[in-house]
Amino acid sequence: MHLYRTHNCSELRLTDKNKSVKLSGWVHRKRDHGNLLFIDLRDHYGITQVVLDKKNKYFSTAEKTSSESVITVTGNVVPRSDETLNKKIPTGEIEISVDEYITESSSKPLPLEVNSDKDYGEDTRLKYRYLDLRRFKMQKNILLRNKVISLIREGMNKQNFIEIQTPILTASSPEGARDYLVPSRINPGKFYALPQAPQQFKQLLMIAGFDKYFQIAPCFRDEDSRADRSPGEFYQLDYEMSFATQEDVFNALEPVLFDVFTKLTKNFHISKPPFKRISFDECVTKYGNDKPDLRNPLILSNVTDVFKNSSFKLFADSINKGSIVIAIPAPDTKDQPRTFFDKLNSWAKSEDQGGMGYVQFINNEGKGPIANNLDKDRLKKFLEIDGMNGNSSIFFLCGKADEIMEFAAIARMKIANELKLIKENEFQFCWVIDYPMYQKNVETNKIEFSHNPFSMPQGGLDELKKKNPLDIKAFQYDIVCNGVELSSGAIRNHKPEIMVKAFEIAGYTKKDLEKQFSGLLQAFNFGAPPHGGCAPGIDRIVMLVAGEPNIREIIPFPFNQKAEDLMMNAPAEVDEGRLKELSLKISDLKKKD
RNA sequence: GGGGGUGUAGCUCAGUUGGUUUAGAGCGCCUGCCUGUCACGCAGGAAGUCGCGAGUUCGAGUCUCGUCACUCCCGCCA
């Protein structure tokens, strides 16, 4: 017989009766009847009930075994009587009658209970992550993560993408997030950086002729955390393709995502490839931002003209000063009480907005303070808006164009939530395409890249030379699911002369470019294939599939909000000797305590 | 760096307008009883700097100020 087990704790059935078996696992729960003792023995696979009575020579040892101790038991598979079946677990038809009982490792009282789904503070959970991970929910989430990753690998391999590892110690990238730096011992005073993404390497792999690359790539960024952003590190499905159009890049990813979401969720409606393509401009106009939740049927419209020179002075005056008015329809609200509208208005005020006006239509008749100040022809215009009917309402937000859209996006979700219009059990994917190549920095008034500087501008060198930079689009795109931005990608700029011009517009000289991106730039001079790719975030995909609102629930060992590992004690101070070896000196340390 | 929320037993939380003696409950832990439970049951017990510091008050877990921790958000994330 095997030293530890002949079966796992989810395997045994009635058909195994009378077999002599050996099981190992954790003491999940004990039910001590004084002269009869039940132990739920748990391993990764499930639970099997173990039973001993007073006559058993291991009885008192077993009675004293604490929760979460690891034991090995040998015994017979005994069928349970009809009254004692447990239909909740797959092994509930049998139990193990103990012949031998070995304590492999005993457990002290626990800082968090493994056998419950009780909520614990995150610092406790992270400090004792190995206990937290033993719990059912975390086992499930990590298992799901594994399935997401293996389905992705399968999907990419099937399309002949080649998985290639790129360096973890690399050069600091001048743009983008802060990167983590690693001092070099051999080159005093110099630093490596951990990659924010393998961006340049994947482009170099295309130039190296590998045609189609992918990687489950770790990415390191020194940013502050959010519920959907774990500080420190995260993973991307990084992929890149040679001789590919934007459509080719989309076609490669869509079936993989569809497969992952279809296989790993139950009773969800998932948008089928090809996913909807929405231009950046259209997206902002209709949804207020570039990460629309398409489960929400409400669409924004600009009704500035309707209020212009109207007798609703508040808006009319504001419009004369350069504001715009955005309308959000609220369908089928004829029975909504006054408080419904008041509540939303005061919500808008609590969000530091002027307020949220409205017109309520009941049998085509406009009601409310704004309706009283608008003539019939103007009111009629509202009924012509997409999604409106004679018993709908319409909300208004008035403000400066570059400020109000952001809030309109939030208000659109708020109204839809209030009216319960967001369909649960749906995953709605879309590509947002045609991003602007450049944007104006509001503070400095300078033209800068709006996304990846290596994206190919649409129209090539010609348009770069002729067009107003702010009107130039890039072959740059994002994929969005239910309002969550999964990634961005682009068809890359593989022509040095276009690149020089593109950087010149953003205020970089050829010399800057050569200095900061010498390796990549030089590579483009030795025959570079046109190429493009994308890099959806694995953690966010797992979050969506798992239905978890917090990204730390699907990462085995995440940092806390202060980017600390409470279990491993990282980051930590190091010996003076180590610092010296690295030619480092700590100065200006902020005082604590 | 800034804003909101939270902080009471090992854990999750209750604690009224500032006033009932010794600040409670459930889980966990300890002791005893219990041979068919499966979140076993029953009886008992230990366990508290009410985050910390100051203030107001006859009186503070409760009010005020400061501070720290946790959490969510803004900034940041080409």
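Every chain is numbered from 1 and lettered A, B, ... according to where its sequence line falls, protein lines coming before strand lines. Please read these numbers as outputs of a predicted model, since none were measured by experiment.
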Review point. When the nearest nucleotide of RNA chain B is assigned to Lys118(A) and to Glu122(A) on a heavy-atom basis, which residue is associated with the more 5' position?
Key: Lys118(A)

**Study point:** Residue met sooner reading RNA chain B from 5', once Asn35(A) and Ser116(A) are mapped to nucleotides
**Key:** Ser116(A)

On a whole-Å scale, what distance lies between the [atom1] atoms belonging to [N] and [M]?
| N | M | atom1 | result |
| --- | --- | --- | --- |
| C34(B) | G41(B) | C1' | 8 Å |
| G51(B) | A9(B) | P | 8 Å |
| C65(B) | U56(B) | C1' | 10 Å |
| A47(B) | G28(B) | C1' | 11 Å |
| U62(B) | G75(B) | P | 36 Å |
| C13(B) | G7(B) | P | 9 Å |
| C38(B) | A43(B) | C1' | 23 Å |
| A69(B) | G15(B) | C1' | 23 Å |

Review point. With a 4.5 Å limit on heavy-atom distance, are the side chains of Lys291(A) and Cys283(A) in contact?
Key: no

Could you state the [atom1]-[atom2] distance from [X] to [N], rounded to the nearest angstrom?
| X | N | atom1 | atom2 | value |
| --- | --- | --- | --- | --- |
| Leu112(A) | C29(B) | CG | P | 13 Å |
| Asp132(A) | G10(B) | CG | P | 20 Å |
| Ile89(A) | U37(B) | CD1 | P | 14 Å |
| Lys30(A) | C34(B) | NZ | C1' | 15 Å |
| Glu113(A) | G10(B) | CD | C1' | 10 Å |
| Asp32(A) | C30(B) | CG | C1' | 14 Å |
| Leu131(A) | C11(B) | CG | P | 14 Å |
| Asp119(A) | G10(B) | CG | P | 19 Å |

Check your understanding: Does C40(B) have His33(A) stacked on its base, where the ring centres are within less than 5.5 Å and the planes differ by under 30°?
Key -> yes

Strictly by Watson-Crick or wobble contacts shorter than 3.5 Å, is anything paired with [N], and which nucleotide is it?
| N | value |
| --- | --- |
| C50(B) | none |
| A69(B) | U6(B) |
| C63(B) | G55(B) |
| C34(B) | none |

Could you check whether any side-chain N or O of [X] sits under 3.5 Å from a backbone N or O of [Y], counting only pairs where one atom can act as donor and the other as acceptor?
| X | Y | result |
| --- | --- | --- |
| Asn569(A) | Ala572(A) | no |
| Lys30(A) | Thr65(A) | yes |
| Arg412(A) | Pro292(A) | no |

Review point. Going 5' to 3' along nucleotides 73-78 of chain B, which nucleotides have protein heavy atoms under 4.0 Å from the base (write B), which only from the sugar-phosphate (write S), and which from neither (write -)?
Key: SBBBBB

Check your understanding: Which part of the nucleic acid, if any, lies within reach of Tyr120(A) when heavy atoms closer than 4.0 Å are counted: base, sugar-phosphate only, or nothing?
Key -> sugar-phosphate

Check your understanding: Counting any heavy atom closer than 4.0 Å, what does Asn115(A) reach on the DNA or RNA strands: base, sugar-phosphate only, or nothing?
Key -> nothing

Check your understanding: If we ignore angles and hydrogens, is there a donor and acceptor under 3.5 Å between the side chains of Ser455(A) and Asn452(A)?
Key -> no

Practice item. Answer yes or no: is there an ion pair linking Lys515(A) with Asp512(A), defined by an N-O contact shorter than 4.0 Å? Key: no

Review point. Salt bridge check: are Glu497(A) and Lys510(A) linked by an N-O gap of less than 4.0 Å?
Key: no

Check your understanding: If only side-chain N and O atoms of Asn550(A) are considered, is one of them under 4.0 Å from the OP1 or OP2 phosphate oxygen of U71(B)?
Key -> no

Quick one: are the ring centres of [X] and [Y] less than 6.0 Å apart?
| X | Y | answer |
| --- | --- | --- |
| Phe449(A) | Tyr438(A) | yes |
| Phe59(A) | Tyr101(A) | no |
| Tyr477(A) | Phe250(A) | yes |

From the list [options], which nucleotide is the closest neighbour of the side chain of [X]?
| X | options | value |
| --- | --- | --- |
| Arg29(A) | C11(B), A39(B), C70(B) | A39(B) |
| Lys88(A) | C70(B), A39(B), C11(B) | A39(B) |
| Lys562(A) | U12(B), C70(B), C38(B) | C70(B) |

Review point. If you take atom types as modelled and just measure distance, does the side chain of Arg125(A) reach the base of C11(B) with a donor-acceptor pair under 3.5 Å?
Key: no

Review point. Can you find a donor-acceptor N/O pair under 3.5 angstrom joining the side chain of Arg31(A) to the base of U35(B)?
Key: no

Review point. Looking only at heavy atoms, what is the nearest atom pair of Leu112(A) and Arg125(A), with distance?
Key: CD2-CA, 3.9 Å

Review point. Closest heavy-atom contact between Gln236(A) and Ala197(A)?
Key: OE1-CB, 4.0 Å

Study note, to complete from the structure: So, with a heavy-atom separation below 4.0 Å from RNA chain B, the residues of residues 45-78 of chain A are Gln49(A), Asp53(A), Lys55(A)

